[in-house]
Amino acid sequence: NNGEVATIKRIGIIGGGAAGLAAARAFLRANDDQHNQQFEVTVLETRNSIGGVWKYEDDEKTATNKPKSRPMYRNLRTNLPKELMAYREFAWGGDGVEASYVTHKQVQQYLEDYANEFNLLECIRFGARVNHLKVLPKEEEDSWPQISLDWTDNENNENQQTFDDVCICNGHYALSSSPPLRGLSNFSGRIMHAIEYDDPNDFAGQTVLCIGARASGGDIAREIGLVAKRVYLSDSTCDEMKEFGNVVLMPRTQSIHENGEVNFSSSSITSNIGDDNGNNDAWTAKDVDVIIFCSGYDYSFPFINDESNLELNSIPGERRIQPLYEQLWHAEIPSLSFIGLPHSVVPFPLFELQSNAVVSQLTSKVGSIPLPSLSERVVAAENDANSGGPDSPGRVMDTHFLGSHQWDYCRKLAKISGVYNDSMENYIATNKSLYDRSGQERKGMAPGGKDLYRETRFRRNDEEQSFEILHSETEPA
């Protein structure tokens, strides 16, 4: 290469799930695209297989005699079509023959196919549990600091390596979060979190309360409803009781009475709940056997502590990580990135774009936009952390929420990476079209009814920024 000597940068990636695979692929692709900068990639994965949250192990509970520690459950099917979920460079679906909404086993197989297609397994160390991350002193004032990782392998050997750049891709579905509920100690039945849920038959003939009506809560309530006596689905945005067969949509769960009755109310004022004075915004359930908190997860980075030599604020219950620049880079330490923090997004394509953005800063890719100065990054990170998310009025716990705002975020990442063009715009716009259609059909489904939207089959048409519906069992939009 004209006598140039390639510079080798060592890259550490924590996690071998969908985000970690996307990051590894982005760095290895860069090795093919250039010659004067090469990356030596090491992916540290705790388990002995790739896939992260998608790797369902039905013998986990039996083998360990402990509650499940992963949110994947037996009958899960995706709530996004595979034509939308797929990585951009590894298309999936669109034949109209097979379902667009797939099982966790099919997603796992897709991730394995992706890893094999791009030779990612060669750089993954399985059974590597990262115990500690430490930012090392800068070699020069303007340089990015190196980062040391300590990990334990399957033989319980201690390992340590220094990296030029580290991507944290450990997901955000490991640390379950349950909101405080007044009087919970009065409940004598079973209390669990959705992370422990696996088989609806465990609840046959029982009355179950699911607290939280977003994706997992709605799906679990629908599934349990097939075998349970009754299911209450408590939705904080609901203002009245609505019955759908044996699945009953209820307002916010407010408290549990001394006698074990569960009180619901659409009012934020709880003093009158459970009274007999004609209060028409309060309801009571007297026969609940099981409470399942379908209330989401907190971010968790157990390998970062007071000795990690970096500032990272993550208060349990807030679901806010700071300081972050563009929800990706540590504002003060840009050699440390967090891939996959935003939620309510299409994950795999977002992981790709975030990974491309990280790589672009290490390759000086033509057309890419370099990160701003330290002071600008810190100010932007502080503004983001205090914004309450993209919607107004905001909430701290929505700091990393994107939803309909994810498309502009994707465009921004593509521009930072120097890959935004007409083809990328068509891709992002088609993703938006598919996402909106899927969401529209999903929201039209009653909690106790059949989830017919999952029978819709799609084919992408990126040139038209649209899609075809090849099969549908829902009413036309």
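All values reported here derive from a predicted model rather than from experimental measurement.
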Between A414 and M424, which heavy-atom pair has the shortest distance, and what is it?
CB-CG, 3.9 Å

CG-CG distance between N154 and N48, expressed to the nearest 0.5 angstrom:
4.5 Å

Side chains of S216 and Y73, donor plus acceptor under 3.5 Å
no

How long is the straight-line distance from OG1 of T456 back to CZ of F458, given to the nearest 0.5 Å?
5.0 Å

Parallel, tilted or perpendicular: which fits the ring planes of Y299 and F301, with parallel below 30° and perpendicular above 60°?
parallel

State the OG-CE distance between S178 and M192, to the nearest 0.5 angstrom.
10.5 Å

Between L324 and D384, what is the shortest heavy-atom contact and its length?
O-OD2, 4.3 Å

Gap between atom CG of L121 and atom CG of L21 - 0.5 Å precision:
8.0 Å

Looking only at atom types and distance, does a side-chain atom of E196 sit under 3.5 Å from a main-chain N or O of H193, one as donor and one as acceptor?
yes

For the student: nearest non-hydrogen atoms of K68 and Y197, plus distance
NZ-O, 2.9 Å

Hey, are the side chains of Q108 and I50 touching, using non-hydrogen atoms and a 4.5 Å cut-off?
yes

Is K450 salt-bridged to E473, cutoff N-O under 4.0 Å?
no

Could you check whether R47 pairs with E57 (Lys NZ or Arg NE/NH1/NH2 to Asp/Glu carboxylate O, under 4.0 Å)?
yes

Less than 6.0 Å separating the ring centroids of W407 and Y435?
yes

Could you tell me if the side chain of H172 sits less than 4.5 Å from the side chain of S300, heavy atoms only?
no

Looking at S433 and Q465, would you say the former's side chain and the latter's main chain have a donor-acceptor pair under 3.5 Å?
yes

Just wondering, more than 12 heavy atoms not from Q109 lying within 6.0 Å of its CD?
yes

Applying the side chain to side chain donor-acceptor pair (under 3.5 Å) criterion to S100, which one of K82, R457, E83 satisfies it?
E83

Could you walk me through whether T152 and N157 pass the side chain to side chain donor-acceptor pair (under 3.5 Å) check?
CA-CA 5 Å; T152 309; N157 297 315; over 6 Å; no

List in chain and number order the residues that pass side chain to side chain donor-acceptor pair (under 3.5 Å) with S295, two or more places apart in sequence or in another chain; answer none if no residue qualifies.
none

How many angstroms lie between CZ in R460 and CG in N426, if you round to the nearest 0.5 Å?
10.0 Å

Counting only N and O atoms by type, is there a donor-acceptor contact under 3.5 Å from the side chain of D398 to the main-chain atoms of G394?
no

Of all residues at least two apart in sequence or in a different chain, which pass the salt bridge (charged side-chain N to carboxylate O under 4.0 Å, His left out) check with D451?
R454

Within a strict 4.5 Å, meaning less than it, do heavy atoms of the L371 and R377 side chains meet?
yes

Provide the closest heavy-atom pair for I13 versus G20 in the form atom of the first, atom of the second, distance.
CG2-CA, 3.8 Å

Is any side-chain heavy atom of Y325 less than 4.5 Å from a side-chain heavy atom of P372?
yes

Any side-chain to backbone donor/acceptor pair from K138 onto E140? Under 3.5 Å, distance only.
no

Which atom of A86 lies closest to which atom of Y427, heavy atoms considered:
O-OH, 3.8 Å

Validate the cation-pi geometry between K9 and F39: distance from NZ or CZ to the six-membered ring centre under 6.0 Å, angle to the ring axis within 45°.
no

Got a second to check how far L434's CG is from K432's NZ, nearest 0.5 Å?
11.0 Å

Take atom CD of E89 as the centre, draw a 6.0 Å sphere, and report whether it contains more than 12 heavy atoms from other residues, nucleotides or ligands.
yes

Could you go through the side-chain contact (heavy atoms from CB on, under 4.5 Å) check for C167 and F27 one step at a time?
CA-CA 11 Å; C167 301; F27 280 104; 3.9 Å; yes

Please lay out, stage by stage, how R29 and D32 fare under the test salt bridge (Lys or Arg N to Asp or Glu O under 4.0 Å).
CA-CA 5 Å; R29 187 196 308 114; D32 297 333; over 6 Å; no

Looking at N31, is its backbone amide N or carbonyl O close enough to the side chain of Q38 to form a donor-acceptor pair, meaning the two atoms are under 3.5 Å apart?
yes

Salt-bridge test for R125 and E45: reply yes if a basic N is under 4.0 Å from a carboxylate O, no otherwise.
no

Pairs of donor and acceptor atoms involving the side chains of residues 330-354, under 3.5 Å and at least two apart or interchain, shall be tabulated with distances.
| unit_1 | atom_1 | unit_2 | atom_2 | d |
| --- | --- | --- | --- | --- |
| H330 | ND1 | E332 | N | 3.1 |
| H330 | ND1 | I333 | N | 3.2 |
| H330 | NE2 | E311 | O | 2.6 |
| S335 | OG | P145 | O | 2.7 |
| S344 | OG | R214 | NH2 | 3.0 |
| E352 | OE1 | R88 | N | 2.6 |
| E352 | OE2 | R88 | N | 3.3 |
| Q354 | OE1 | G340 | N | 2.9 |
| Q354 | NE2 | Y409 | OH | 3.0 |

Taking everything shown except R459 itself, do over 12 heavy atoms lie less than 6.0 Å from its CZ?
yes

Under 6.0 Å between ring centres, would you say that holds for H132 and F303?
no

Any idea how Y114 and F118 line up, ring-wise: parallel (<30°), tilted (30 to 60°), or perpendicular (>60°)?
perpendicular

Is the shortest side-chain heavy-atom distance between S472 and E441 below 4.5 Å?
yes

More than 12 heavy atoms of other groups within 6.0 Å of D422 CG
no

Take V166 and L149 through the side-chain contact (heavy atoms from CB on, under 4.5 Å) test and state the conclusion after the steps.
CA-CA 9 Å; V166 167; L149 296 180; 4.2 Å; yes

Checking the side chain of D95 only, and the main-chain atoms of E98 only, is there a donor and an acceptor separated by less than 3.5 Å?
yes

Report yes or no: does D153 contribute a side-chain atom to a donor-acceptor pair with the main-chain N or O of G127 at less than 3.5 Å?
no

Under a 4.5 Å cut-off applied to non-hydrogen side-chain atoms, are L133 and I168 in contact?
yes

D198 side chain to R74 main-chain N or O, any donor-acceptor pair under 3.5 Å?
yes

Keeping the roles fixed (side chain from R70, backbone from K55), state whether a donor-acceptor pair exists under 3.5 Å.
no

With a 4.5 Å limit on heavy-atom distance, are the side chains of V102 and W92 in contact?
yes

Determine, step by step, whether E455 and R77 satisfy the salt bridge (Lys or Arg N to Asp or Glu O under 4.0 Å) criterion, reporting the C-alpha distance in whole Å, the side-chain angles of both residues, the deciding distance to 0.1 Å, and the verdict.
CA-CA 11 Å; E455 304 308 315; R77 285 178 69 187; 3.3 Å; yes

Walk me through whether H104 and V53 qualify under side-chain contact (heavy atoms from CB on, under 4.5 Å).
CA-CA 9 Å; H104 55 73; V53 71; over 6 Å; no

How close do N75 and P200 get, counting heavy atoms only, and between which atoms?
ND2-CD, 3.7 Å

I369 backbone acceptor or donor facing K365 side chain under 3.5 Å:
no

For residues Y101 and S438, determine if any side-chain heavy atom of one lies less than 4.5 Å from a side-chain heavy atom of the other.
yes

